[in-house]
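The next block holds one structure in the form of structure tokens; read it before the comments.
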Amino acid sequence: MHVIVLGAGIVGMASAYALARDGHAVTVVDRASGVGLEASFANGGQLSYSYVAPLAGPAVPKSIPGYLLRADSPLRFAPAADPHQWRWILRFLAACTEAQSRLTTRRLLALGSLSRRALHAAVDEHGPALDFAYARNGKLVVYSTPEGFESARAQMAYQRELGCEQQAVDADGCVAIEPALATLRPRLTGGIYTPSEEVGDCHRLCESLRRILEAAPTPATFRLGTTALNLRLEQGRVTGLDTDQGVIEADAVVLAAGVGSTRFARGAGLDLPIYPLKGYSVSAPMLDPAKAPKVSITDSARRIVYAPIGGDLRAAGIADLVGLDAAIHPRRLDLVARETRAAFPGAADYDRIRPWSGLRPATPTGAPLLGPTPVPGLWLNTGHGALGFTLAMGSARVVADLMAGRTPEIPVDGFLV
């Protein structure tokens, strides 16, 4: 079967990899000139399989007013005369319950576990060919208030029931695990440490997967620099894509185009509950590795993640609900850069920061949309929010299994349209 994968970010590339291994002829289409150049290019770099608490949680609604009133808030909201935006917000608020948060956590943990197994299998099989600054370095989420730490301990206890191996440590324990946190020690209350978490360069993984796919016995085709115009429909079935470079016919199309997936789905009569959460990152060359974190760090109070990726210190964060505006806004970028300098002074060359911003495709609950749609020939692998890198390999396996008529390794309730 010939399958078009629309989108060459990490979710699209993982989809192409899984489908090609099943024997499908695969064509990857993306408007960018290369792979992994948009939301996958400079994300936080954390592979956070065991710490997947969804953004929609019971504590969120009461926190929103405080966030919106702060000049340095990690959350920014630009209201628009856009019914889709307001529907998404209402559905997000409706998902901010204890029951929904636990249900989504359980589903994401299962998908995360599958994704870890899939990535490990690929690393074992391809070895140095998967060159993406991969390291199994652990992750530490730090908290600055007793209330936040207690909530995290409750979440940890729930995740432990589901098989996660984590430990709660006090502020001194945080610094013992990661000495580079000494500067932040005065405001730390405690942290949750997950030794099994990992880190990598998402963009480089996309490039590695492309090389593997092009060297396969049946090479995948890459139509990069090609703008998809709309899905091609014949008698109610998707039969390919109309592009600025002509028609590409196929037996099936997998929408893995991130926030762009909504536009193409709408052309087939589907209204996907996906809205962009704009994020920023800064990457700076390491100057003194002793002053930089060796484990991945998430600062819960500041909503910023830090990761050592190759020879860089990467910091990423912020969630801006500003529609499809992907431009870098200096004040928001400066917020991430200032926090990074303050947290790890002297660790990196902050005069050589490389900035980035990207639009992360989020669903109200935090669970991605995977599998078939009511429209024959149209498949989904989108809506991963900030967990695209983490969940990509597992999501691709689910979609490939469903397309082949196999029962996926995990329950798919909550992921299907």
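Side-chain atoms are counted along with the backbone in the values below, which use heavy atoms only and exclude waters and symmetry mates.
Shown here is Arg332, whose CZ atom has more than 12 heavy atoms of other residues, nucleotides or ligands within 6.0 Å. Environment of CZ in Arg91: sparse, with no more than 12 heavy atoms of neighbouring residues, nucleotides or ligands closer than 6.0 Å.
A donor-acceptor pair is defined here as one N or O able to donate and one able to accept, closer than 3.5 Å; no such pair exists between the side chain of Glu339 and the backbone of Arg302. Put simply, the side chain of Trp86 never gets that close to the backbone of Pro79: no donor and acceptor are under 3.5 Å apart. Between the side chain of Ser208 and the backbone N or O of Leu130, no donor-acceptor pair lies under 3.5 Å. No donor-acceptor pair closer than 3.5 Å links the side chain of Trp88 to the backbone N or O of Pro276.
The shortest side-chain heavy-atom distance between Ser296 and Tyr306 does not fall under the 4.5 Å cut-off. For the pair Leu37 and His203, the minimum side-chain heavy-atom distance is below 4.5 Å. The side-chain heavy atoms of Ile274 and Thr382, taken from C-beta on, include a pair separated by under 4.5 Å. Side-chain atoms of Ser15 and Asn381, non-hydrogen and from C-beta on, do get closer than 4.5 Å to each other. Taking 4.5 Å as the limit, some side-chain heavy atom of Leu111 sits within range of a side-chain heavy atom of Val398. Proximity of Leu380 to Val254: side-chain heavy atoms (C-beta onward) are nowhere separated by under 4.5 Å. Annotation: side chain of Leu109 is in contact with side chain of Gln159 (closest heavy-atom distance under 4.5 Å). Between Leu75 and Arg303, every side-chain heavy-atom pair lies at or beyond the 4.5 Å cut-off.
In this structure, the separation between CG on Leu378 and CG on Leu6 is 10.0 Å, given to the nearest 0.5 Å. For the atom pair CG (Leu108) and OG (Ser113), the distance works out to 12.5 Å, reported to the nearest 0.5 Å. Atoms OG and CD, on Ser48 and Glu198 in that order, are 10.5 Å from each other to the nearest 0.5 Å. The NZ atom of Lys294 sits 14.0 Å away from the CG atom of Leu140 when rounded to the nearest 0.5 Å. Rounding to the nearest 0.5 Å places CD1 of Ile212 at 8.0 Å from CD of Glu125. One distance of note links CG of Leu119 with CG of Leu205; it measures 6.5 Å at 0.5 Å rounding.
Salt bridge annotation for Arg237-Glu234: absent, with no cationic side-chain nitrogen under 4.0 angstrom from a carboxylate oxygen. Using a cutoff of 4.0 Å between basic side-chain nitrogens and carboxylate oxygens, Arg397 and Asp22 are not scored as salt-bridged. In summary, Glu165 and Arg160 do not engage in a salt bridge, as defined by a charged side-chain N under 4.0 Å from a carboxylate O. Taking 4.0 Å as the cut-off between side-chain N and carboxylate O, Asp320 and Lys278 do not count as a salt-bridged pair.
Residues that satisfy the salt bridge (Lys or Arg N to Asp or Glu O under 4.0 Å) test with Arg107, not counting sequence neighbours, are absent from this structure. Taking the side-chain contact (heavy atoms from CB on, under 4.5 Å) definition, one finds that Val305 meets it with Gln46, Thr298, Ala316, sequence neighbours left out. Partners of Gln167 under the side chain to side chain donor-acceptor pair (under 3.5 Å) rule, at least two apart in sequence or in another chain, do not exist in this structure. Take Phe132 and apply the ring pair (Phe, Tyr, Trp, His ring centres under 6.0 Å) test, not counting sequence neighbours, and it matches Tyr134.
His126 and Tyr17 have their aromatic ring centers within a separation under 6.0 angstrom. Aromatic ring centres of Phe264 and Trp379 lie farther apart than the 6.0 Å criterion allows.
A donor-acceptor contact closer than 3.5 angstrom links the side chains of Arg314 and Ser283. For the residue pair Gln85 and Tyr275, a side-chain donor N or O sits within less than 3.5 Å of a side-chain acceptor on the partner. For the residue pair Thr104 and Gln100, a side-chain donor N or O sits within less than 3.5 Å of a side-chain acceptor on the partner.
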Is there a side-chain contact (heavy atoms from CB on, under 4.5 Å) between Glu409 and Arg117 once you walk through the steps?
CA-CA 11 Å; Glu409 295 178 45; Arg117 295 195 300 273; 3.2 Å; yes
Would Arg102 and Thr105 count as a side chain to side chain donor-acceptor pair (under 3.5 Å) if you check the C-alpha gap in whole Å, the side-chain angles of each, and the deciding distance to 0.1 Å?
CA-CA 5 Å; Arg102 289 196 163 209; Thr105 296; over 6 Å; no
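Identified under the side-chain hydrogen bond (donor to acceptor under 3.5 Å, both in side chains) test for residues 352-375, with sequence neighbours left out: Asp312-Arg354. Residue pairs meeting the salt bridge (charged side-chain N to carboxylate O under 4.0 Å, His left out) criterion with at least one member in residues 248-275, sequence neighbours excluded, are Arg87-Asp271.
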